[in-house]
Amino acid sequence: MQDRFFIFILSLIFSVGSVKAESFIFPSSRTDALGGTVVLSTPTPSEQLLSGTPLEQTEKLSVDFGYTRQYDLKELDIIYSAVSYRMQNFSLAAGFSQTGEPDLYTQKNMRLAVLYSKSFYTIGNFITGEFHDFNKRYNSVNQISYGLSVQVRHKDFIFSSVLENLNRPSLTENSPKANRILTFYGELPGLKKYKTTLTFSTQADDENKYGIGESVKISQVGTLMFGFSTTPVEFGGGMKLKWKDNSVIYNASYHPVLGLTHTISFLLMILHN
């Protein structure tokens, strides 16, 4: 069973170069529920690492962390944590995630972001490290990639664009170079209790990816979320429960072939401006 698992992982990594990279996927508290989209008006630290969105002006230090069970396979479990700090016009964010079992195989991702906001726009720079370890059964492999983002905020919409893999890294000398990936995120605030979020991702030699999400505030403490995405086709849903400045979030997504993915996460607002 372990040998089959290693063969599967190796084939996945090396046959498509960085796992047929879509947009950079850092696990986060709400994206699975919202069809891969991001709530740009009130981002968590992990969502900042995806979309290049600064913290709200009233926020100074925020932390979120969570656990994901992918397709009911413990070998693909994910743990993650992310932290963000805002200082005047700058937001600094960092995150770490780990997939797999240390005795078999692990993939670790580390992501750093520096965001600068002025007036109605924000620009961002990203460094992402991807590390694959096979517990001494095979040689470890890794790669470092760079990205840029631009965001525009308006009273009627928020729009972000993120360009990943500017340097086109590869895990080994002989593996394919990762494609540059352009991802757009959008939010239409709508009414006070409703938010519609959108995403579109494109890269060379692969299908475009689309996603749409909806957040509905049902009370002072509860928000419902649901969404849909393509490539692959997945449906998502979840709930956020807020207590004072902190939140617990549960979300799930359903793949018609692979089944359910569950995520439980916690968001802590530590300091305010």
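Keep in mind it's a predicted model, so treat the numbers as computed, not measured. What you see below is based on every heavy atom in this structure, not just the backbone, and it leaves out hydrogens, waters and symmetry mates.
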Stepwise side-chain contact (heavy atoms from CB on, under 4.5 Å) check, L50 with T31: CA-CA 10 Å; L50 286 173; T31 52; 3.6 Å; yes

Q151 side, atom CD; S160 side, atom OG - distance, nearest 0.5 Å: 3.0 Å

Stepwise side-chain contact (heavy atoms from CB on, under 4.5 Å) check, N179 with R168: CA-CA 6 Å; N179 287 332; R168 300 202 63 196; 3.4 Å; yes

N135 side chain to L104 backbone, donor-acceptor under 3.5 Å: no

Heavy-atom closest contact (A82 atom, F26 atom, distance): CB-CE2, 4.5 Å

Residues that F90 engages under ring-ring contact (aromatic ring centres under 6.0 Å, His included), provided they are two or more places apart: Y116

Shared hydrophobic cluster for Y67 and Y250 (ILVMFWY, side-chain gaps under 4.5 Å): yes

Plane angle bin for F200 and F184 - parallel if under 30°, tilted between 30 and 60°, otherwise perpendicular: parallel

E234 CD to L258 CG distance, which is reported to the nearest 0.5 Å: 8.0 Å

V162 to S149 - nearest heavy-atom pair and separation: CG2-CB, 3.9 Å

S140 versus D133, side-chain donor and acceptor atoms under 3.5 Å: yes

Whether F235 and F228 hold their rings parallel, tilted or perpendicular, with breakpoints at 30° and 60°: tilted

Flag if over 12 foreign heavy atoms under 6.0 Å of CG, N208: yes

From CD (E56) to NZ (K60), nearest 0.5 Å: 15.0 Å

Cluster check L271, M87: I/L/V/M/F/W/Y, side chain < 4.5 angstrom: yes

side-chain contact (heavy atoms from CB on, under 4.5 Å) between L148 and L166, worked out: CA-CA 8 Å; L148 296 172; L166 285 171; 3.5 Å; yes

Contact check, side chains of F131 and T106, non-hydrogen atoms, under 4.5 Å: no

In one Ile/Leu/Val/Met/Phe/Trp/Tyr side-chain cluster, 4.5 Å: Y80, L112: no

Heavy-atom side-chain contact between F266 and I249 under 4.5 Å: no

Criterion side-chain hydrogen bond (donor to acceptor under 3.5 Å, both in side chains) on Y105 and H132, from CA distance to verdict: CA-CA 7 Å; Y105 158 82; H132 299 264; 2.7 Å; yes

Charged N-O contact under 4.0 Å between E47 and R30: yes

Side chains of T261 and T68 in contact at under 4.5 Å (non-hydrogen atoms): yes

Any E214 side-chain heavy atom under 4.5 Å of M225 side chain: no

side-chain hydrogen bond (donor to acceptor under 3.5 Å, both in side chains) assessment of S265 paired with D64: CA-CA 7 Å; S265 59; D64 73 313; 5.7 Å; no

S219 side-chain N/O to G222 backbone N/O, donor-acceptor pair under 3.5 Å: yes

L267 vs S62 side-chain heavy atoms within contact, under 4.5 Å: yes

Over all atoms of both residues, closest heavy-atom pair of G52 and F126: CA-CZ, 3.7 Å

Steps toward salt bridge (Lys or Arg N to Asp or Glu O under 4.0 Å) verdict (R111, E164): CA-CA 12 Å; R111 177 115 156 149; E164 300 283 2; 2.7 Å; yes

Distance-minimising heavy-atom pair for L198 and I212: CD2-CG1, 3.6 Å

V39 with V216, same ILVMFWY side-chain cluster at under 4.5 Å: no

Value rounded to 0.5 Å, distance of OG1 in T223 from NZ in K217: 6.5 Å

Linked, directly or transitively: I127 and M110 (ILVMFWY side chains, under 4.5 Å): yes

Sidechain N-carboxylate O distance under 4.0 Å for K155, E187: no

Test log, rule side-chain contact (heavy atoms from CB on, under 4.5 Å), inputs Q57 and R86: CA-CA 8 Å; Q57 291 186 355; R86 179 162 183 155; 3.7 Å; yes

Any N142 side-chain heavy atom under 4.5 Å of E130 side chain: no

Closest contact, heavy atoms only, S91 versus P54: OG-CB, 3.7 Å

Residues that F226 engages under ring-ring contact (aromatic ring centres under 6.0 Å, His included), provided they are two or more places apart: none

L171 backbone acceptor or donor facing Q143 side chain under 3.5 Å: yes

Donor-acceptor contact below 3.5 Å, side chain S145 vs main chain P169: no

Candidate pair N251 and H262, rule side-chain hydrogen bond (donor to acceptor under 3.5 Å, both in side chains), full reasoning: CA-CA 6 Å; N251 74 65; H262 303 270; over 6 Å; no

Sidechain-backbone polar pair: T230 side chain, V233 backbone, donor-acceptor under 3.5 Å: no

Side chain to side chain, Q98 and I78, heavy atoms closer than 4.5 Å: no

Value rounded to 0.5 Å, distance of OH in Y185 from OG1 in T53: 9.0 Å

Closest approach of P27 to S97 (non-hydrogen atoms, all atoms of both residues): CG-CB, 3.7 Å

Stepwise side-chain hydrogen bond (donor to acceptor under 3.5 Å, both in side chains) check, N125 with Y146: CA-CA 8 Å; N125 293 274; Y146 304 96; over 6 Å; no

Distance, nearest 0.5 Å, that separates CD of Q48 from CG of L92: 9.5 Å

CG/D72: more than 12 non-hydrogen atoms of other groups inside 6.0 Å: no

Beyond-backbone contact of V152 with F120, side-chain heavy atoms, under 4.5 angstrom: yes

